[in-house]
2 protein chains.
Amino acid sequence: MATISDVVKRSGISKATVSRVINNHPHVSKEKREKVLAAMKELSYTPNPTARRMRGQLNTTVGLVVHRVVNPYFSYLMDAIERKAAEHNIRVIFFQSKEDKQKEFEFLDLLKQKQVDGMILTTVANSVEDIRPYLEYGPIVFCNEYLRIDDVPIVRISEEDAAFTGVTHLLEEGYRNIAYCTGGLFADEGKDRDRNTGFRKAMEAKQLSINPEWVFIDQHSIEDGRTVMKKITEMDNKPDAIFTGSDEVAAGMTIAAREYGVKIPEDLAVLGFDDQPLCLLTSPQLSTIHQPIEEMGSLAAELIIKLFKGEKLEQLEYELPIKLVKREST
Amino acid sequence: MATISDVVKRSGISKATVSRVINNHPHVSKEKREKVLAAMKELSYTPNPTARRMRGQLNTTVGLVVHRVVNPYFSYLMDAIERKAAEHNIRVIFFQSKEDKQKEFEFLDLLKQKQVDGMILTTVANSVEDIRPYLEYGPIVFCNEYLRIDDVPIVRISEEDAAFTGVTHLLEEGYRNIAYCTGGLFADEGKDRDRNTGFRKAMEAKQLSINPEWVFIDQHSIEDGRTVMKKITEMDNKPDAIFTGSDEVAAGMTIAAREYGVKIPEDLAVLGFDDQPLCLLTSPQLSTIHQPIEEMGSLAAELIIKLFKGEKLEQLEYELPIKLVKREST
DNA sequence: CTCCTTCATGAAACCGGTCTCACTATATAT
DNA sequence: ATATATAGTGAGACCGGTTTCATGAAGGAG
């Protein structure tokens, strides 16, 4: 690889001026600028990013924390982020935290060490107080997360609206005995609290009360879905619809339904969440809440890039609209 | 962030010796070593990776090229690679090439510029001749690819064995009219050639000939699968089994089968390829060829890490075993 | 015509490390 | 006792850029 010194030798022009040309600084005569550009071209010279970073002059890598790549929700997010970043010639270092607090810290340290110039967190295990100190070292953007830190932009959907829309859909289809999956019915912050609120509001709007027997806590995987379905078949007083909060759970339920001879949606309507590709594969195909993942990822990337450029953001909270997708399961 | 100079000041020991301690070099007295370590601890000092990289003394990032993150095959590969890398404190910069030759070059340039210290290519658009020059700048490992370059280690499955095993399975289940999806029946290199060979050998072993009408070229997506199923329903002389070469295609076929009232496997047996999670979601669940993705990714990461350390590899070609998974579709 | 900006330029410091080299002190070989 | 290796140490060059600063030339104001 040619270095700046090679360009200096070839062009007979000083290092300082060559650097000015590289960085498009003013105060360089047209004549010299052209000589330098010619020499750079002849040597097919590219400035060494490592050297530039030494002086803190380079913003070209963003760190991306996801829970797991194999979770389609995150892989679609990564896809959108990487594409937007690539457009701007930004590199993406990714990292699976699996909600491990220690590992999360280790990755955040890359910011401290200037190995990355900013971070997009799509999942965060640590608390606000633990994250805040890292802001000193570079910009952070939250995407799909619920933590709020002043000055940290956040991109997400309105979970309350999503739950409200989903449950209202079930009610409008005529179902009245609604089961519900959540991380915790009495969560006092985050996603779950807002989804719970949306659920309650939708039920109250029809003067319906919540049957605690039909509330399932912490169900996430396909396997969990099978368990939920099993439990429901064993109930005397069965719900006629379920808001699963997750396509995986919903998919697991369709599999178990076949085994137990439960008909969806006749015996039990099932509503997913996310609109992942698997919705089209199950039988019946899943009705679900479509999350604008593409837009979320793309926006998060745009925000971090703006921050790289030192631009001020006019807005810090972005709530993107969800959409109900009705298919066969409701 | 504390720098080496801060450690120098605090410990009263020279930069050179501090560096020796950092890098565990010999010829440092126990006494000074401990003083330095104490100072480092007190300042919670971490060496700046960018500075170390300047002197070519750091191997901590690997570039990873995939086709698309959202393709589960690749996301599982990424998962395995990232996990193994994280164990060794190696960072992964990923990149979606989408088979774009120009973009692939741009990413390979990171190797030239020492932005990454090595590359794992799980898909490659350019030719051997185009890739070879980059070897000068750092190690490359192929994973899931078919290109052969001397000295470049490669991790993959035996496509011939996979096709042979798959088709033989169909034959053993009693099917005789086997349809087949491939990138090209007369491919003279790569995956397709080997799969074709496997297909032919399996058929010849039963003295069966190949019906060219039943060979589908370049089918990859769920949508493609629907098309294939449609074409088959329109045939006068129908196959009774199909080797799809792809879970997606197989999944698409199950969806279309429902629409056209085709019974799987009674009317048509369908065999997938990869053993992706979606195999369990379709109805019927898909029989498929299980690829050892986990092992492939993990091994590829191990190889690049060995090369980082300057170790010699005793073996360059790794063919990992596939496994037939029989479910409901055959 | 002098004084003050602004432009154009290169020398040298700097970023935070690693590494070569020269030098001293001690141990071993002859 | 002298020659020779080896451990321990720090000064300073170096990696490849950016940035400060000093200097000279040109242009405009008074």
Side-chain angles (χ1 to χ4, degrees), chain A residues 1-37 39-40 43-61 109-117 137-138 310, chain B residues 1-37 39-40 43-61 109-117 137-138 310:
Chain A
M1 287 290 287
T3 73
I4 196 171
S5 305
D6 298 327
V7 178
V8 168
K9 276 180 215 152
R10 179 125 196 165
S11 64
I13 292 166
S14 79
K15 220 170 147 188
T17 299
V18 171
S19 176
R20 288 190 187 96
V21 172
I22 293 170
N23 296 285
N24 250 313
H25 285 180
H27 308 320
V28 177
S29 69
K30 194 161 187 177
E31 181 202 3
K32 298 217 170 185
R33 182 181 300 276
E34 275 163 11
K35 267 194 189 167
V36 170
L37 289 173
M40 281 174 27
L43 295 164
S44 66
Y45 163 80
T46 331
N48 180 327
T50 306
R52 307 181 86 176
R53 202 185 305 275
M54 278 288 297
R55 294 296 300 236
Q57 292 317 306
L58 196 70
N59 287 4
T60 51
T61 35
D109 278 339
L110 295 188
L111 202 55
K112 230 191 236 180
Q113 302 162 187
K114 297 283 174 231
Q115 295 233 63
V116 302
D117 310 297
Y137 305 107
Chain B
M1 287 292 286
T3 73
I4 197 171
S5 306
D6 298 327
V7 178
V8 168
K9 276 179 214 153
R10 180 126 195 164
S11 64
I13 291 166
S14 78
K15 219 170 145 189
T17 299
V18 171
S19 177
R20 287 191 188 97
V21 173
I22 294 170
N23 296 286
N24 251 312
H25 284 179
H27 308 321
V28 178
S29 69
K30 196 164 188 180
E31 182 201 2
K32 299 219 170 185
R33 181 180 299 276
E34 276 162 11
K35 267 194 190 169
V36 170
L37 289 172
M40 282 173 28
L43 297 164
S44 67
Y45 163 80
T46 330
N48 179 326
T50 306
R52 307 181 89 176
R53 201 187 304 277
M54 278 287 299
R55 294 298 302 243
Q57 291 317 305
L58 196 70
N59 288 16
T60 51
T61 35
D109 278 338
L110 295 188
L111 201 56
K112 230 192 234 179
Q113 303 163 187
K114 296 283 174 231
Q115 296 233 62
V116 302
D117 310 297
Y137 305 107

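Chain identifiers are assigned alphabetically (A, B, ...) following the order of the sequence lines, protein sequences preceding nucleic acid strands; residue numbering begins at 1 within each chain. None of these values were measured; they are calculated from a predicted model. Basis for what follows: all heavy atoms, side chains included, without hydrogens, waters or symmetry-related copies.
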All salt bridge (charged side-chain N to carboxylate O under 4.0 Å, His left out) counterparts of B/R52, not counting sequence neighbours:
none
Could you give the distance from [atom1] ([X]) to [atom2] ([Y]), rounded to the nearest 0.5 Å?
{"X": "B/D109", "Y": "B/Y137", "atom1": "CG", "atom2": "OH", "answer": "9.0 Å"}
{"X": "A/L111", "Y": "A/Q115", "atom1": "CG", "atom2": "CD", "answer": "10.5 Å"}
{"X": "B/L43", "Y": "B/I4", "atom1": "CG", "atom2": "CD1", "answer": "12.0 Å"}

Would you mind listing every side-chain hydrogen bond (donor to acceptor under 3.5 Å, both in side chains) that reaches into residues 2-18 of chain A, with sequence neighbours excluded?
A/R10-A/E42, A/S14-A/T17, A/T17-A/R20
Side-chain heavy atoms of B/I13 within contact of B/V21, under 4.5 Å:
no
Please tabulate, one pair per line, all N/O donor-acceptor pairs under 3.5 Å involving side-chain atoms of residues 25-37 of chain B, not counting sequence neighbours.
residue: B/S29; atom: OG; partner: B/K32; partner atom: N; Å: 3.3
residue: B/R33; atom: NH2; partner: B/H25; partner atom: O; Å: 3.0

Nucleotide N/O to protein N/O under 3.5 Å, stretch nucleotides 15-17 of chain D:
residue: D/dG17; atom: OP1; partner: A/N48; partner atom: N; Å: 3.2
residue: D/dG17; atom: OP2; partner: A/I4; partner atom: N; Å: 2.5
residue: D/dG17; atom: O5'; partner: A/Y45; partner atom: OH; Å: 3.0
residue: D/dG17; atom: O5'; partner: A/N48; partner atom: N; Å: 3.3
residue: D/dG17; atom: N7; partner: A/K15; partner atom: NZ; Å: 3.1
residue: D/dG17; atom: O6; partner: A/K15; partner atom: NZ; Å: 2.8
residue: D/dG17; atom: N2; partner: A/R55; partner atom: NH1; Å: 3.4

Here the distance between atom C1' of C/dG17 and atom CG of B/D6, to the nearest Å, is 13 Å
d(CG, A/N24; P, D/dT18) in whole Å:
12 Å
side-chain contact (heavy atoms from CB on, under 4.5 Å) filter on A/T46, not counting sequence neighbours, yields A/M1, B/Q113
Mind listing the N/O atom pairs, protein and nucleotides 5-9 of chain C, below 3.5 Å?
residue: C/dT9; atom: OP1; partner: A/S29; partner atom: OG; Å: 3.0
residue: C/dT9; atom: OP2; partner: A/S29; partner atom: N; Å: 2.7
residue: C/dT9; atom: OP2; partner: A/S29; partner atom: OG; Å: 3.1
residue: C/dT9; atom: O3'; partner: A/K32; partner atom: NZ; Å: 3.4

